[in-house]
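Encoded as structure tokens, the structure appears first; notes follow it.
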Amino acid sequence: MQNRTIEIKYKEYPSVAELPCDERQLLEKAIEATSTAYSPYSHFCVGAAVLLDNGEIVTGSNQENAAYPSGLCAERTAMFAASAQYPNVPMRKIAIVGKNQQGELCAATPCGACRQVVSEYQDVAGQNLQIILYAEGGAVLVFDGIDSLLPLRFSF
Ligand code: THU
């Protein structure tokens, strides 16, 4: 038997303003998308923005439903919309941010199901899909691929 360790590497920027231009613009689109959330049950808004290889940005927000499991997270709303609108265009980056009931930006780290969907589109793209997360205190965390957020992930 061997004890083994999985190390997760990511970059932390102290604020949105200090992000590189592409990442900052994408996160700003995700922030805008929080205003399109339909979240009458949780009152928690999430925005996501996907940057495609062709330069297009597709946004999404969480869409809830009275039959709770029928709702969808912002990340999957954005990725599924991107794949449906641009079927063969690889996804490069996704930015994710939450907004609480007070209207303050906050962290919304992706759920397991959304991580699995990122994993699939990273495989389809054939290159790492960067994940940009707004974090507590206004910092921003940047993960250079889904392996950092979903170690030992399932894929064919
Ligand atoms: N939610 C997202 O859209 N993305 C996340 O990363 C975490 C949670 C949504 C689901 C639900 O509409 C609300 O936030 C509260 O869980």
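Order of appearance sets the numbers: ligands from 1, and atoms from 1 within every ligand.
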What protein heavy atom lies closest to atom 9 (C) of ligand 1? Include the residue and the distance to one decimal.
Asn62 ND2, 3.6 Å
Using the ring of each side chain (for Trp, its six-membered ring), is Tyr41 parallel, tilted or perpendicular to Tyr68, with breaks at 30° and 60°?
tilted
Ligand 1 to Phe44, heavy atom cutoff 4.0 Å, flagged ligand atoms 14 (O)
Hey, is atom 1 (N) of ligand 1 under 4.0 Å from any protein heavy atom?
yes
So does Val46 get a backbone contact from the side chain of Asn62, meaning a donor-acceptor N/O pair under 3.5 Å?
yes
Looking only at side-chain N and O atoms, does Thr59 offer a donor or acceptor that is under 3.5 Å from a partner on Glu32?
no
Within 4.0 Å of some non-hydrogen atom of Glu64, the atoms of ligand 1 are 11 (C), 12 (O), 13 (C)
Compute the shortest N/O to N/O distance between Ala74 and ligand 1 and return yes if it is under 3.5 Å, no if not.
yes
Where the side chain of Ser15 meets the backbone of Gly138, is there a donor-acceptor pair that is under 3.5 Å apart?
no
Go through ligand 1 atom by atom and flag the ones less than 4.0 Å from a non-hydrogen atom of Ala108.
6 (O)
What do you reckon, is CG of Asn88 surrounded by more than 12 foreign heavy atoms closer than 6.0 Å?
no
Under the 3.5 angstrom rule, does the side chain of Arg153 hit a backbone N or O of Asp147 as a donor-acceptor pair?
no
Within the 4.0 Å heavy-atom shell around Pro110, which atoms of ligand 1 are there?
6 (O)
Tell me, please: is Leu72 in heavy-atom contact with ligand 1, that is, under 4.0 Å?
no
Between Cys73 and ligand 1, which part of the residue brings a heavy atom under 4.0 Å of the ligand: side chain, backbone, both or neither?
both
Is there a donor-acceptor pair under 3.5 Å between the side chain of Thr34 and the backbone N or O of Cys45?
no
Measure from the side-chain N and O atoms of Glu64 to the backbone N and O of Ser42, and report whether any donor-acceptor pair falls under 3.5 Å.
yes
Is a side-chain donor or acceptor of Gln122 paired with a backbone partner of Ile146 at a separation under 3.5 angstrom?
yes
Would you mind telling me if ligand 1 is within reach of the side chain of Glu75, the backbone, both or neither, using heavy atoms under 4.0 Å?
side chain
Find the distance between CD1 (Ile94) and CZ (Arg76) and round it off to the nearest 0.5 Å.
11.0 Å
Flag Ser42 as yes when one of its N or O atoms lies below 3.5 Å from any N or O atom of ligand 1, and as no otherwise.
no
Could you find the nearest protein heavy atom to atom 7 (C) of ligand 1 and give me its residue, atom name and distance?
Thr109 O, 4.2 Å
Would Cys114 count as a contact of ligand 1 if the rule is a heavy atom under 4.0 Å away?
no
Interfacing atoms of ligand 1 (cut-off 4.0 Å, heavy-atom, Val46):
1 (N), 2 (C), 3 (O), 4 (N), 9 (C), 14 (O)
Check for me whether Gly71 has a heavy atom closer than 4.0 Å to any atom of ligand 1.
no
